[in-house]
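One structure is given below, encoded as structure tokens.
Note on naming: letters A, B, ... go to the chains in the order of the sequence lines (proteins, then strands), and numbering restarts at 1 for each one.
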Amino acid sequence: MPELPEVETVCRGLEPVLIGQVITKVDVRRKDLRKPFPKGLKTRIESAKVTHITRRAKYIQAHLDNGFVLVIHLGMSGRIVFHPADYKPQTHDHFILHMQDGQQIVLNDPRRFGIVDLVAVDDLESHALFSHLGPEPLSNGFSGPVLAQALAGKKAAIKQVIMDQTIVVGVGNIYASEALFMAGINPEKPAGKVKADQAEALVSAIKKVLQKAIKAGGSTLRDHRQANGELGYFQHSFSVYDREGQVCITCAGKRPIMRITQGGRSTFYCPTCQK
DNA sequence: CCTTGAACCTGCGGGC
DNA sequence: TGCCCGCAGGTTCAAG
């Protein structure tokens, strides 16, 4: 469940449950996900207290009182769920934090594209997972001029470029289609041909769609639930994503929403509204 | 440098 | 019912 709004929603759900709590026991149930679990993970975080939670791009960062930060990426299919003390691990429960109040924080990830890492807080910015990342989309560091500059001269399709985490972080396959629709830009347009005014519109659209999705608790695909059991509901607000063949909500024209493949991923757009 | 495609995994739904 | 195919919200690495 992983684009920025979903990860942000998870972080907000984790805060009241984790902050101030000591991790009493850690269960690492296999040797790796997309990467190996870090060496000494269990011994280095057991008995540590969670001080605060941050997010960078699609990474969850749980800061501990021993100078380490527990980093979790959910990949494509990862989810974090809270369970009571008597919960028994199920299939694809790969990593479990037992907290001092008895609650279990369970990382379940069927496809195992997720990552768990442990980083010294002083090394966070320079760590390989983070050092190459572009600006946060909701920060002032992401603006029309900044994006226009990053797009200059690029031949690749704009859809694929805004999903490039070195350009801007947090935009995944759903919100890329949604933002391009909102900005009226054809996803196949070469990035370098997106000029200042369209870049400005695209930045506004990305910020707007991500903010709206966060307010909605993210999008819930394939029956997924947030850690607290609540469902995100932004999927009901999709304008184009997963709406192939349906009528465009803006132009209601004769040409329906199209689905194309870019970089192996589905893209949805309105051929009338997006130029 | 760039772009493209495949690779990593499991599960689910549709078509036959 | 069962099998095969395509598809799924991400990232990385090799090949051209």
*A:T261 or A:H73, whichever maps to the more 5' nucleotide of DNA chain C*: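 The residue closer to the strand's 5' end, by nearest nucleotide, is A:T261.
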
Between [X] and [N], is there a contact of a side-chain N or O with OP1 or OP2 at under 4.0 Å?
X	N	answer
A:Q165	C:dT11	yes
A:S266	C:dA8	yes
A:K58	C:dT11	yes
A:H132	C:dT11	no
A:R34	C:dT12	yes

[atom1] atoms of [N] and [M], separation to the nearest Å:
N	M	atom1	value
B:dC9	C:dA14	P	16 Å
B:dC1	C:dG10	C1'	24 Å
C:dT12	B:dG11	P	24 Å

*Please figure out whether A:G264 or A:H92 has its closest DNA chain B nucleotide nearer the 5' end.*
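It is A:G264 whose nearest nucleotide is closer to the 5' end.
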
_Toward the 5' end of DNA chain B, by each residue's nearest nucleotide, A:K154 or A:G263_ =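 Its nucleotide being nearer the 5' end, the pick is A:K154.
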
In Å and rounded to the nearest 0.5 Å, what is the [atom1] to [atom2] distance from [X] to [Y]?
X	Y	atom1	atom2	answer
A:H63	A:L18	NE2	CG	12.5 Å
A:L14	A:I105	CG	CD1	6.5 Å
A:I158	A:I185	CD1	CD1	6.0 Å

_Would the base of C:dA8 count as contacting A:R265 through its side chain, where contact means a donor and an acceptor less than 3.5 Å apart?_
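Side chain to base: no pair below 3.5 Å.
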
_Check: A:R112 side chain, B:dC9 base, donor-acceptor under 3.5 Å_ =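 In this structure, the two groups form no donor-acceptor pair.
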
Separation of atom [atom1] in [X] from atom [atom2] in [N], rounded to whole Å:
X	N	atom1	atom2	answer
A:I260	C:dC7	CD1	P	14 Å
A:L221	C:dC7	CG	P	16 Å
A:L74	B:dC8	CG	P	22 Å
A:L133	C:dT11	CG	C1'	11 Å
A:N173	C:dT11	CG	C1'	13 Å
A:Q160	B:dC2	CD	P	14 Å
A:M163	C:dT11	CE	C1'	10 Å
A:D109	C:dA8	CG	P	18 Å

_Using a 3.5 Å limit for the pairing distances, which stems of at least 3 consecutive Watson-Crick or G-U wobble pairs does DNA chain B take part in?_
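As far as DNA chain B goes, consecutive pairing (with distances under 3.5 Å) yields the stems B:2-8 with C:10-16, B:10-16 with C:2-8.
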
_Regarding A:G172, tell me which of base, sugar-phosphate or nothing describes its non-hydrogen contacts under 4.0 Å with the strands shown._
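It contacts sugar-phosphate atoms only.
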
*Minimum heavy-atom separation for A:I167 to A:K154, with atom names?*
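Smallest interatomic distance, heavy atoms only, reads CD1-CE, 3.9 Å.
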
Do [X] and [Y] have side-chain N/O donor and acceptor atoms under 3.5 Å apart?
X	Y	value
A:S266	A:R259	yes
A:D117	A:Y59	no
A:S219	A:Q235	no

*Nearest to the side chain of A:P110, which nucleotide is it out of C:dG10, B:dG11, B:dT3?*
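The nucleotide sitting nearest to the side chain is B:dG11.
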
*Trace of the side chain to side chain donor-acceptor pair (under 3.5 Å) decision for A:K159 with A:N173*: CA-CA 9 Å; A:K159 152 70 150 52; A:N173 203 41; 2.7 Å; yes

*With a centroid cutoff of 5.5 Å and a plane-angle limit of 30°, would you call A:F113 stacked on C:dT11?*
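Per 5.5 Å and 30° rule: no stacking.
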
*Tell me, do A:E136 and A:V169 make a side-chain contact under 4.5 Å, heavy atoms counted?*
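The answer is yes; the side chains approach within 4.5 Å.
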
